[in-house]
Q: 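My questions will all concern the structure given below.
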Amino acid sequence: MTDAKRQLVVFDFDWSMADQDTDRWIFEVLAPDLRRKMKTLKDEIQWTDLVAQSLREIHARGVTKDQIVQALETMPYHPAMKRAVTNLKSRGKTTFLCLSNANSVFISTILKSKGLENLFQEIITNPAEWDNSGLLKLRRRVDPLGVQHTCEVGCSPNMCKGEELEAFLGRQEEKFDLICYVGDGTNDFCPILRLRSTDIVFCRTSRGLQKRINSEGQEKGLKAQIKYWGGAWELEEYFDQL
């Protein structure tokens, strides 16, 4: 167990908290041809905009809100992950933050289906909402027509996770003794550069974040301790020590 009296656990969502990618999953389940189309367009259209476009297309085909919700509720989510976060929160000294490039509806729907709707103090992600016709309307967190973020590490145009993490920490009345970051993707590299040498990165193996840590971590001045995990049961073991 750590000596921290007040600690923060920051979670990416896709492939970090959940065992799939929400943006891709619903199309794989409900419209595989659109999923294939997304693969061909991903280098031409900004990803959040591409998901929004694909949501409009799937809605035009008659796919309903209930079908999308059901697909999200059946997306792989390891029972050990639910145990890990539930047990850690019950000990009373941990604040949870979600920092994700998915969207608010996908994340909240899955969390509610797992009984975890009250886990996070904040969920920082792309905003989405259902309209009266059942269309899920998605937009970037950073408005493409407004002031853009200033990230130089390579965050997506829709959101800089490093800037978002620093803004969240700035809103807190007290500092955290320990910050832990759970992530897997290349866009999780920027926020972990903001961590201290006493903080911990729980990096999922064999994905983009591990590759960036290995290729750029030393050059970019990464200070945090790195602990690797592959399955949720391994993260649960780490959490039991916090």
Side-chain angles (χ1 to χ4, degrees), residues 11-83 85-86 96-146 156-159 161 164 182-185 187 204 207 232:
F11 261 100
D12 173 46
F13 196 78
D14 296 331
W15 289 116
S16 294
M17 173 160 274
D19 275 335
Q20 252 291 345
D21 181 290
T22 50
D23 288 337
R24 294 165 174 82
W25 173 260
I26 63 163
F27 298 104
E28 292 172 8
V29 172
L30 299 170
D33 63 310
L34 284 182
R35 172 70 179 95
R36 175 65 61 189
K37 182 179 178 181
M38 292 167 74
K39 282 178 71 80
T40 65
L41 293 175
K42 66 183 178 65
D43 294 328
E44 300 175 29
I45 304 174
Q46 194 277 328
W47 181 257
T48 307
D49 295 346
L50 179 56
V51 177
Q53 173 183 301
S54 302
L55 286 167
R56 291 191 294 270
E57 290 186 53
I58 205 172
H59 177 260
R61 293 183 181 186
V63 173
T64 66
K65 172 183 176 180
D66 287 345
Q67 287 175 290
I68 293 174
V69 168
Q70 184 178 25
L72 291 168
E73 291 176 344
T74 59
M75 198 180 86
Y77 191 103
H78 203 295
M81 184 63 72
K82 180 177 178 179
R83 286 197 310 265
V85 297
T86 301
F96 287 86
L97 167 68
C98 183
L99 200 53
S100 169
N101 271 309
N103 70 69
S104 56
V105 167
F106 285 178
I107 293 171
S108 61
T109 299
I110 293 170
L111 291 175
K112 184 177 180 181
S113 74
K114 310 305 175 190
L116 297 173
E117 60 266 39
N118 297 317
L119 175 66
F120 292 108
Q121 178 173 310
E122 287 189 32
I123 297 175
I124 299 173
T125 187
N126 297 300
E129 60 185 2
W130 300 102
D131 73 7
N132 292 334
S133 73
L135 169 64
L136 183 57
K137 301 173 72 173
L138 168 65
R139 63 186 188 277
R140 301 186 201 181
R141 179 168 177 84
V142 175
D143 187 336
L145 301 178
S156 302
N158 62 287
M159 180 169 70
K161 287 189 173 186
E164 296 287 0
V182 184
D184 72 284
N187 57 13
R204 196 160 198 179
R207 300 190 64 81

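None of the values given here were measured: they were computed from a predicted structure. Residue indices begin at 1 and follow the sequence shown.
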Q: Could you tell me the separation between the CG atom of Leu136 and the CD atom of Glu129, rounded to the nearest 0.5 Å?
A: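 CD of Glu129 is found 9.0 Å from CG of Leu136.
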Q: Classify the angle between the aromatic ring planes of Phe96 and Phe120 as parallel (below 30°), tilted (30 to 60°) or perpendicular (above 60°).
A: perpendicular
Q: Output yes when a side-chain donor or acceptor of Ser108 lies under 3.5 Å from a complementary backbone atom of Val105, and no otherwise.
A: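 Checked: pair present.
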Q: Compare all side-chain heavy atoms of Lys37 with those of Leu34 and state whether any distance is below 4.5 angstrom.
A: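 The answer is yes, as the side chains (C-beta and beyond) meet within the 4.5 Å cut-off.
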Q: Are any of the side-chain heavy atoms of Ser156 and Thr48 separated by less than 4.5 Å?
A: no
Q: Considering non-hydrogen atoms only, spot the tightest contact between Ser100 and Asp12 and give its length.
A: CA-OD1, 4.1 Å
Q: Would you find more than 12 non-hydrogen atoms of other residues, nucleotides or ligands less than 6.0 Å from Lys114 atom NZ?
A: yes
Q: Going by an N to O cut-off under 4.0 Å, is there a salt bridge joining Arg204 and Asp19?
A: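 The answer is yes: the pair qualifies as a salt bridge.
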Q: Take a 6.0 Å sphere around CD of Gln70 and say whether it holds more than 12 heavy atoms from other residues, nucleotides or ligands.
A: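 No, because the 6.0 Å sphere around CD of Gln70 holds 12 heavy atoms or fewer from other groups.
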Q: Find the distance between CG (Leu97) and CD1 (Ile124) and round it off to the nearest 0.5 Å.
A: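 Spacing of CG (Leu97) from CD1 (Ile124) equals 5.0 Å.
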Q: Tell me, with the steps shown, if Asp131 and Ser133 meet side-chain hydrogen bond (donor to acceptor under 3.5 Å, both in side chains).
A: CA-CA 5 Å; Asp131 73 7; Ser133 73; 2.7 Å; yes
Q: Using 4.0 Å as the upper bound for N to carboxylate O, is an ion pair formed by Asp33 and Arg61?
A: yes
Q: Is the backbone N or O of Ala71 less than 3.5 Å from a side-chain atom of Thr74, with the two atoms forming a donor-acceptor pair by type?
A: yes
Q: State, to 0.1 Å, how close Ser54 and Met38 come at their nearest heavy-atom pair, and which atoms those are.
A: OG-CG, 3.3 Å
Q: Below 4.5 Å, heavy atoms only, C-beta onward: do Val69 and Trp130 meet side chain to side chain?
A: yes
Q: For residues Met17 and Val85, report the shortest heavy-atom separation together with the two atoms involved.
A: CE-CG1, 3.8 Å
Q: Quick one: does Ile68's side chain get under 4.5 Å of Leu30's, heavy atoms only?
A: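 Yes, side chains in contact.
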Q: Side chains of Ile26 and Phe106: closer than 4.5 Å at any heavy-atom pair?
A: yes
Q: On a heavy-atom basis, which atom in Trp25 and which in Pro76 lie closest, and how many Å separate them?
A: CH2-CD, 3.7 Å
Q: Report the residue from Asn126, Asp49, Asn158, Asn103 that forms a side chain to side chain donor-acceptor pair (under 3.5 Å) with Arg140.
A: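 Exactly one option meets the side chain to side chain donor-acceptor pair (under 3.5 Å) with Arg140, and it is Asp49.
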Q: For a quick test of reading the model, state the closest non-hydrogen atom pair linking Asn101 to Thr125 and the distance between them.
A: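 Of all heavy-atom pairs spanning Asn101 and Thr125, the closest is C-OG1, 4.2 Å.
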Q: Quick check: closest heavy atoms across Leu55 and Phe27, and the distance to 0.1 Å?
A: N-CZ, 3.8 Å
Q: Got a second to check how far Leu72's CG is from Gln67's CD, nearest 0.5 Å?
A: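 It comes to 12.0 Å.
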